[in-house]
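Read the structure below first, then the notes.
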Amino acid sequence: MTNKSYALNYEEPLLWEHRVSDGCGVDLPVPKNTALKTGQTARETIGWPKLKEPQIVKHFVRHSTKNFSIDHGFFPLGSCTMKHNPRLNEKVARLSGFANIHPLQPESSVQGALELMFDLQNWLGELTGLSGVCLSPAAGAHGELAGLMTIRRAHELNGQGHRKIILCPDSAHGTNPATAAMCGYELRVIPTKETGCVTLENFKEALGDGKDVAGMMVTNPNTCGLFETEIAECAKLLHAAGGYFYCDGANFNALVGKVRPADFGVDVMHINLHKTFSTPHGGGGPGSGPICVADSLKDYLPVPCVIKTNAGFKLETIEDRPSSFGRLKGFQGQFGMFVRALTYMMSHGKDGLKQVSEDAVLSANYILSKLKGEYHAPFGDKTCMHECLLTDKLQKEQGVTTLDIAKTLIENGIHPMTVYFPLVVQGAMLIEPTETESKEAIDGFIDVMKQIAKDTADGKTEELHANPQTTPRRRLDEVKAARQPILSAKV
Ligand SMILES: *Cc1c(COP(=O)(O)O)cnc(C)c1O
């Protein structure tokens, strides 16, 4: 069924591959006898495809219908919290007073918007127990950078600029070591393999005397879906050695309303508004990654934070807080996302947010308990948090791998879970159902997973290798696509 339109699914060529029609969308005559006034050479024609407006509209609309999204179906992508985006958020973000303002307007004319940001700072400060909040980072990874730059600035201004080591467990999300490297830090890995967690013993060994340690970066709950039970003890030792604890907050959906990260020793944490607080994600973005810090680091946060003065709300400048490491982004951050996130928080309230994390954890444990017979669950003896980890260990003996399982889910109308991450677990499948999926959807997923396990046991290996069978494209050479992308037929 490939390379051909079928039913109402179109096989859509690239723009460059359209048969060139002899015109374009506009029929202005070519201007005659024009000379370039600036004396530059005229730009040669670069061979854009000549398409008319209706052709272009169809092209992009057809592509847009090939997307899969959380509004289509089950999307249990671990470490991503693909939860429903309440439509109320969208309605509020579209109010003209929020949607039609400009960052260069005088502050006196946007007091309501600044108050909204101030309130969001306070909500995030309350939920994390870290009351210094800067909303400006544009994604989780950007928040990590902001957090480590805050730590670096604090060390530098306190005569500790020689501290060059960041401790990070081997199960960390790739952005953690990448951020540390971008900040000029050296990485020292804390091994977690046997338990999936940072143990006090392994931590102590990595810390050493701690004199050169700037901080540690740990995700809690971690990427194996487990709560780090010894992390508070580790944080105490780290603080005693003069380091700061950066918590990657991408997994906050398991804790929100239940646990304040400051209480297990966190000094800095980023929040992915597009994960925990239901603002759109991926293609629907943009992302937003505010950071929250403890009192000891407030002075070094990037500018601007929103402050309340006698004259009203105000975006700080570097003159207001010269100890800041500076500005990270043009203007104030993703304002539309602030509106959505605060709408989400206020519509859930304190009790609602607590229920969010309880239900998210319940959904993941339901899946774990239903599937741990059919699939190897490396930490299946423990309660998981908002995502559960399975592997292909049992299926691999029959030649069926995590990739085959993911492709078979696609064939069954389900977006695959996160695969082969965390890297420390062979053939990992990280499943995050979130709290917004119905029991029917979750049961549907469990049924498909059980069927795959059964088909594997029944020796239907060839069939599983052949999936997906009815998608416009089947198995792609992903390595080649990444290494040698052909983006234009003209290359
Ligand atoms: C999603 C995620 C990030 C990065 O967040 P982005 O908003 O995608 O930049 C970092 N760490 C973990 C554990 C994540 O799941």
Side-chain angles (χ1 to χ4, degrees), residues 70 75-83 85 124 128 134-149 166 168-183 187 190 192 196-198 215-228 231 245-256 261 266 268-292 328-329 333-334 336-338 340-341 357 360 364 384-389 417-425 428-434:
I70 43 176
F75 206 138
L77 199 63
S79 209
C80 291
T81 312
M82 306 300 287
K83 64 166 78 176
N85 306 144
L124 291 175
T128 56
C134 178
L135 300 176
S136 76
H142 204 204
E144 290 175 38
L145 185 65
L148 279 209
M149 288 175 80
I166 291 286
C168 186
D170 51 9
S171 61
H173 192 266
T175 49
N176 295 182
T179 300
M182 273 194 74
C183 278
L187 201 73
I190 312 168
T192 62
C197 287
V198 176
M216 72 167 168
M217 293 183 93
V218 174
T219 312
N220 195 19
N222 64 29
T223 55
C224 296
L226 303 172
F227 189 82
E228 292 280 3
I231 210 66
F245 177 4
Y246 183 94
C247 181
D248 178 325
N251 289 341
F252 197 37
N253 210 51
L255 306 182
V256 62
V266 173
V268 193
M269 175 167 154
H270 81 257
I271 306 283
N272 301 67
L273 295 186
H274 47 289
K275 294 181 182 171
T276 315
F277 297 107
S278 83
T279 69
H281 208 168
S288 184
I291 56 169
C292 306
L328 197 68
K329 190 177 185 315
Q334 314 284 26
M337 299 304 144
F338 305 157
R340 288 169 176 85
S357 54
C384 67
M385 296 299 287
H386 68 316
E387 49 195 359
C388 66
L389 189 61
M417 64 292 268
T418 290
V419 294
Y420 300 107
F421 175 81
L423 302 176
V424 287
V425 175
M429 293 184 273
L430 188 62
I431 303 164
E432 181 179 359
T434 83

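The model shown is predicted, which means the values in this text are computed figures rather than measured ones. Indexing begins at 1, ligand by ligand and atom by atom, following the structure's order.
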**Report entry** Stepwise side chain to side chain donor-acceptor pair (under 3.5 Å) test for Asp248 and Asn176
**Finding:** CA-CA 8 Å; Asp248 178 325; Asn176 295 182; 3.0 Å; yes
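At under 3.5 Å, a nitrogen or oxygen of His274, whether backbone or side chain, sits near a nitrogen or oxygen of ligand 1. The shortest N or O to N or O distance between His270 and ligand 1 is not under 3.5 Å. Of the N or O atoms in Cys80, none lie within a sub-3.5 Å distance of an N or O in ligand 1. Where the criterion is an N or O separation shorter than 3.5 Å, residue side chain and backbone included, Asn251 fails it with respect to ligand 1. Ligand 1 has an N or O atom lying under 3.5 Å from an N or O atom of Asn272, backbone or side chain.
Under a 4.0 Å criterion applied to the non-hydrogen atoms of Thr175, ligand 1 contributes the atoms 10 (C), 11 (N). Applying the 4.0 Å criterion to heavy atoms of Gly140 picks out, from ligand 1, the atoms 5 (O), 6 (P), 7 (O), 9 (O). Per-residue contacts place Glu144 under 4.0 angstrom from the following atoms of ligand 1 (heavy atoms of the residue considered): 10 (C), 11 (N). Under a 4.0 Å criterion applied to the non-hydrogen atoms of Ala250, ligand 1 contributes the atoms 2 (C), 11 (N), 12 (C), 13 (C), 14 (C), 15 (O).
For the side chain to side chain donor-acceptor pair (under 3.5 Å) with Glu432, the lone residue among Asn253, Thr81, Thr418 that qualifies is Thr81.
For the pair Asn222 (side chain) and Gly196 (backbone), a donor-acceptor distance under 3.5 Å is present. Distance alone, capped at 3.5 Å, places no donor-acceptor pair between the Thr223 side chain and the Pro422 backbone. Looking only at distances, no side-chain donor or acceptor of Lys83 sits under 3.5 Å from a matching main-chain atom of Pro433.
Using a 3.5 Å distance cut-off with no hydrogens or angles, the side chains of Glu144 and Thr179 do pair a donor with an acceptor. Looking at Thr192 and Asp170, their side chains do bring a donor and an acceptor atom within 3.5 Å of each other.
Taking all heavy atoms of Asn176, Asp248, Thr81 into account, the minimum distance to atom 13 (C) of ligand 1 is reached by Asp248.
Under a 4.0 angstrom heavy-atom cut-off, His142 registers as lying outside contact with ligand 1.
Residues His386 and Pro221 have side chains in contact (heavy-atom distance under 4.5 Å, counting atoms from C-beta outward). Residues His270 and Ile291 are in side-chain contact: their nearest non-hydrogen atoms beyond the backbone lie under 4.5 Å apart.
In terms of protein heavy-atom proximity, atom 1 (C) of ligand 1 is nearest to Lys275 NZ, 1.5 Å. Given atom 9 (O) of ligand 1, the protein heavy atom at minimum distance is Ala141 N, 2.8 Å.
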